[in-house]
Each structure stands twice: as structure tokens, then as C-alpha cells.
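Residue numbers start from 1 in every chain, and the chains themselves are labelled A, B, ... in the order their sequence lines are given, proteins ahead of strands. Bear in mind the structure is a predicted one, so any value in this text is a computation, not a measurement.
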Amino acid sequence: MLDMKFIRENPDAVLQNVANKNEKVNVQELLDLDAQRRTLVQETDALKNQRNVTSEEIAKLKKNKEDATVKIEEMRTVGDSIKANDDKLREIEEQMQFIVLRIPNMMHSSVPVGASADDNVEVRSTAQRIPQEFRKNHLEIAKQLGILDFERGAKVSGSGFGFYTGKGATLERAMINMFLDLHIAQHGYTEMMPPFVVNRASMLGTGQIPKMEDDMYHCTVDDLFLIPTAEVPLTNYYRDDVLNEKDLPTKFAGYSACFRREGGSYGKDTRGFLRVHEFNKVELVKFVKPETSYNELELLVGDVEDILRALELPFRVLQLCTGDTGFSSAKTYDLEVWSPAEQKFLEVSSCSNFESFQARRANIRFRNEQGKLEFVHTLNGSGLATSRIMVALLEHHQTEDGRIRIPEALRPYTRFDWIG
RNA sequence: GGAGAGGUGCCUGAGUGGCCGAAAGGGCCGGUUUGCUAAACCGUUGUACUCUGUAAAAGGGUACCGAGGGUUCGAAUCCCUCCCUCUCCGCCA
């Protein structure tokens, strides 16, 4: 959420940013409502002031056993006006809220303007576009080795769900543990195990709602949502809190299952693990001081790169252009691993700086040196999602005779060196 | 699921219709005292919106005592709904 004061003072920049991000929002209407609101607030506050002053007079009159009926009668109409104004005010504020919640975050000045993923910029790459050669795609090899079962996943739950079986399940568990351990021991994150179900306010706080509400699994009787990422509970951990400056940056690493309906994305990367309704992910979340947030973003990307290196997977880092950057983000890097089977890069992580956008929505603040309250900056990144990494491992570490070599870094966790 | 208790400022805790943005104590910050520490004493101590205004400041108004409604000239205080916490019972991992 953007600061209303900022929108009021920089309407052109906001409009340009909305256009750059391919969003459609009626900013002008918001500005009109804002002007209306301020006039109304002044009027109403004056009436309330009158009521307060007169009420005190009435109290005095009554104390002296004098007659106050005239003033009481007078205040009755003032009270009615106040009520009418407050109703109108509430209506205006609801309309404003509706629009403000749909205005995307301002892009950082370093983000290239572009329409789509084609305009993203490669920052660095360790990846060679190796050919497919003997490699089977992850579904084939997984089936052959008996480590994933999507058919029974579909029977039991539906399309887009899978079982990990045998060594596949062990490998999955091993990855989660390895990722967590690395971030905790080497990168200084605090481990968190969040709830996988959150309330509406939390979804609103991190910005999934209202824009993405249809992509969430929603338990209507309780108005609770299955989380699409641990970002939601981890960031909302500090919703409505005031953090100590000395505790910043605060860094969380948390595992969760992630649930996404993926409505409307059928036909795109739908095979096997490329797009599923439920997957496992270790998420990294940071709460930082505003002046350090861009440096923290670079460090965050580095933390994720360390995992990819440990897994011996070639990758590249992309800086997303304006059109491809998420709604809440000011700047995002994607990390992609080359898929020999698909002959294309697959996104495995997305690292974003949200600046104060989420903090303002979720009301997460800290007290600065001057003792003033200030919104923190929040960041997060996948570190990493296991489903896409499973795909990458099965493809990259596949041998010609159809076996999978477990990278050194994972072996203490799997307790086996090969699958097959 | 049943029964009860409760949610007040950074914390403890008072406050059952007007003098309550809110007693008292503690904490915090500033000051005095002090060889140092401690103690004592004095003072200060919220947030949001809005208006006036400045280089920065400062000041006025409004709102906020879990959330949202209602009653009333006037609500922390009365009524309704919801949320949360705690205790006991039942049920169950």
C-alpha cells in the first residue's frame, strides 16, 4: 500500500508506475475522493468540537441545577449531522481503500521498464545451456525410479497433487533440512515453523488479497486461507508490532507447504512438478531498516545462490523489468535453473524488496534514532522451493544409465549417494 | 462442544455516564545531587488523521481504553454482535 500523502503529492509518478506495471487503477478517482474526504473531515471535526464544548456546558448547567433543554435540543441536530457525516466519510474511505489496495508498489529507479518477461535483464549466469542428449525429463526418470507418483496423487487429491515415494520422499525431506540448516548455520536466519493456514487480515497484509484472492484455497466457514507461501505467516508475524531498531535486520527462515489453486494457468508448465497445487518451500523473510534494504536484497540473492551452488546446479540471475515485477515488489531478482529436458530456464526463486509497501499494509514499524516510528522494509525470497529443485536435480544429476547422483551437500541428509 | 472469568497507555493496575488521553506505582528519557555506582528528588513521556505554520520547529482541532455497531446532548463506563486470552468439564490427536 502506498502512502496517501505520497499519492497526493506525486500523482503523475504513480500513474506512470501503474502503467509500467501493466495495472489498471483509477488513480484520479482516488484523488477526487481524497479531496472530498478532507473537506468532510474538517467539517465533521468542527461539529464534533462544537458538541464537545457544548456538552461540557450542559454538564455545568446540570451541576448547578439549571435548565439545559435548549442546548440539549441544539445538540440533538448537531449529533444527527455528525452521524450523517461519519456515514458519508466511512463510505468515501471504503471507496478509497478499494482503490489504494489495488495500486501496485512504486518501482525502484534501477528497474528497467519493460512489458513482459522478455524484457528482463540477465545479471549474471553460471549456466550453460546444456543439450538434452540422453536425459529423460523428470517425469519419465521419476517414474522409472519409482520416486514420484502423480497418478495416485490425482486419484487421492486431484490433478496437480503428487506423492513422493521411497527415496523420492527421503530426498524431499533431505532438501528441506539442508536448506534450513544452511540458512541458519551460515546465513544467520532464525528458524521458524509457521502455521499453514492464515486469516484474511494476514493475506491482506502481505498483498495476496485482494488481487490474488481467487488463487487461494479458502476455507469459507472459517474465512481462513491455505498459505501460498510461508511469506504470509512469517511477515505477518510482526503485524501491528513495533520492532526495536537494534533487532534489525531480523531474518526468518521457515519451511511450509505452499498451496496454490493456479486457476487459469492450465496449459503452461503443467507437466509434473513444474506447476502443482501443493509444494514444499523454505522461505526467507527479512525485516530491515529502510536505508539498508537494497543491500539486504543483494545479500538475500547471495544466500539463495549458495544453495544452488551447493546443489551443483547451474543458474542465472535475472533482474525483472517493471512489467514482470510482482504487485507488491519494488525490485525483484529471479533465479533460474536450466532445464535440459524442457530446453529452457525454470524459475526456482524470486527475491524481492517490498520497501515499506507490505509494512504499511501490515503496520510493521520500528522506532528510529530520533525515537520516531517508521515503517520497516520487508524482503523475501524462496530459498528454495523443492519441487522445481527436484526437477533440476533429476535432470542435471542424471547419468546415462538412468541413475541419479545425489550432490555431496545433500548426502548427509539423504544417507544415500545414488537413486537407482 | 458445555460452564465461567477477563481484554485499559511501554508494564502492573484503578476507573460503572460529564471534571478521563485516562489515577497510582514501575519503566524509559532529561535534569539536580554524587569521587564512581546505587539511592533520593524534580520534570518529561502515545499514535493516527486534519488544519494553521516553519528552514527545522511549534500550535489548534478530532479520534483512539480488543473490533464493529447501538442508546444518549454526552460513553473506557450502559446495550448488542464479533474476535482473542485464561480457568474448569467433555471429546480427541
In plain terms, say whether [X] and [Y] are close enough for a salt bridge, that is, a side-chain N and a carboxylate O under 4.0 Å apart.
X	Y	answer
Arg37(A)	Glu93(A)	yes
Arg411(A)	Glu408(A)	yes
Asp306(A)	Arg309(A)	yes
Arg102(A)	Glu23(A)	no
Asp215(A)	Arg260(A)	no
Glu73(A)	Arg76(A)	yes
Lys155(A)	Asp149(A)	no

Open item on the list: Can you give me the dot-bracket string for RNA chain B, 5' to 3', counting Watson-Crick and G-U wobble pairs with both distances under 3.5 Å, using [ ] for crossing pairs and | for partners on another strand?
Closed with: ((((((((.[[[..)..(.....]]](.((((.......)))).)(((((((.....))))))).[[[[[..)....]]]]])))))))....
TODO: Tell me which of Ala46(A) and Arg8(A) sits closer to the 5' end of RNA chain B, going by the nucleotide each one is nearest to.
DONE: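 Closer to the 5' end of RNA chain B: Arg8(A).
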TODO: Find which nucleotide of RNA chain B each of Lys48(A) and Arg37(A) is nearest to by heavy atoms, and output the residue with the more 5' nucleotide.
DONE: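 That would be Arg37(A).
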Which value, in whole Å, describes the distance between the [atom1] atoms of nucleotides [N] and [M]?
N	M	atom1	result
G43(B)	G26(B)	P	13 Å
C73(B)	C83(B)	P	32 Å
U47(B)	C41(B)	P	28 Å

TODO: Find out whether the Lys NZ or Arg CZ of Lys167(A) is both under 6.0 angstrom from the six-membered ring centre of Phe416(A) and within 45° of the ring's axis.
DONE: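 The answer is yes, since Lys167(A) meets both limits relative to Phe416(A).
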Check the interface with nucleotides 20-23 of chain B: list each N/O to N/O pair with the protein under 3.5 Å, or write none.
none

- [ ] May I ask you to verify if any side-chain N or O of Asn49(A) is less than 4.0 angstrom from the OP1 or OP2 atom of U62(B)?
- [x]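 So the side chain of Asn49(A) is within the cut-off, an N or O lying under 4.0 Å from OP1 or OP2 of U62(B).
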Task: Under 4.0 angstrom between Asn52(A) side-chain N/O and G61(B) OP1 or OP2 - done: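 No.
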Open item on the list: Quick check for you: to the nearest 0.5 Å, what is the distance between Thr206(A) atom OG1 and Arg361(A) atom CZ?
Closed with: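 That separation rounds to 8.5 Å.
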- [ ] Rounded to the nearest 0.5 Å, what's the gap from OG on Ser256(A) to CZ on Phe196(A)? Could you check?
- [x]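 Ser256(A) atom OG to Phe196(A) atom CZ measures 5.0 Å (nearest 0.5 Å).
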Dump every N/O contact between nucleotides 70-73 of chain B and the protein below 3.5 Å, one line per pair.
{"from": "U71(B)", "atom 1": "OP2", "to": "Lys83(A)", "atom 2": "NZ", "distance (Å)": "3.0"}
{"from": "C73(B)", "atom 1": "OP1", "to": "Arg76(A)", "atom 2": "NH1", "distance (Å)": "2.8"}
{"from": "C73(B)", "atom 1": "OP1", "to": "Arg76(A)", "atom 2": "NH2", "distance (Å)": "3.1"}
{"from": "C73(B)", "atom 1": "OP2", "to": "Arg76(A)", "atom 2": "NH1", "distance (Å)": "3.3"}
{"from": "C73(B)", "atom 1": "O4'", "to": "Ile72(A)", "atom 2": "O", "distance (Å)": "3.4"}

Open item on the list: What is the separation between atom CD on Gln42(A) and atom P on A63(B), rounded to the nearest whole Å?
Closed with: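 Nearest whole value for this atom pair: 16 Å.
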Task: Check: Ser382(A) side chain, Ser350(A) main-chain N or O, donor-acceptor pair, under 3.5 Å - done: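 Looks like yes, one N/O pair under 3.5 Å.
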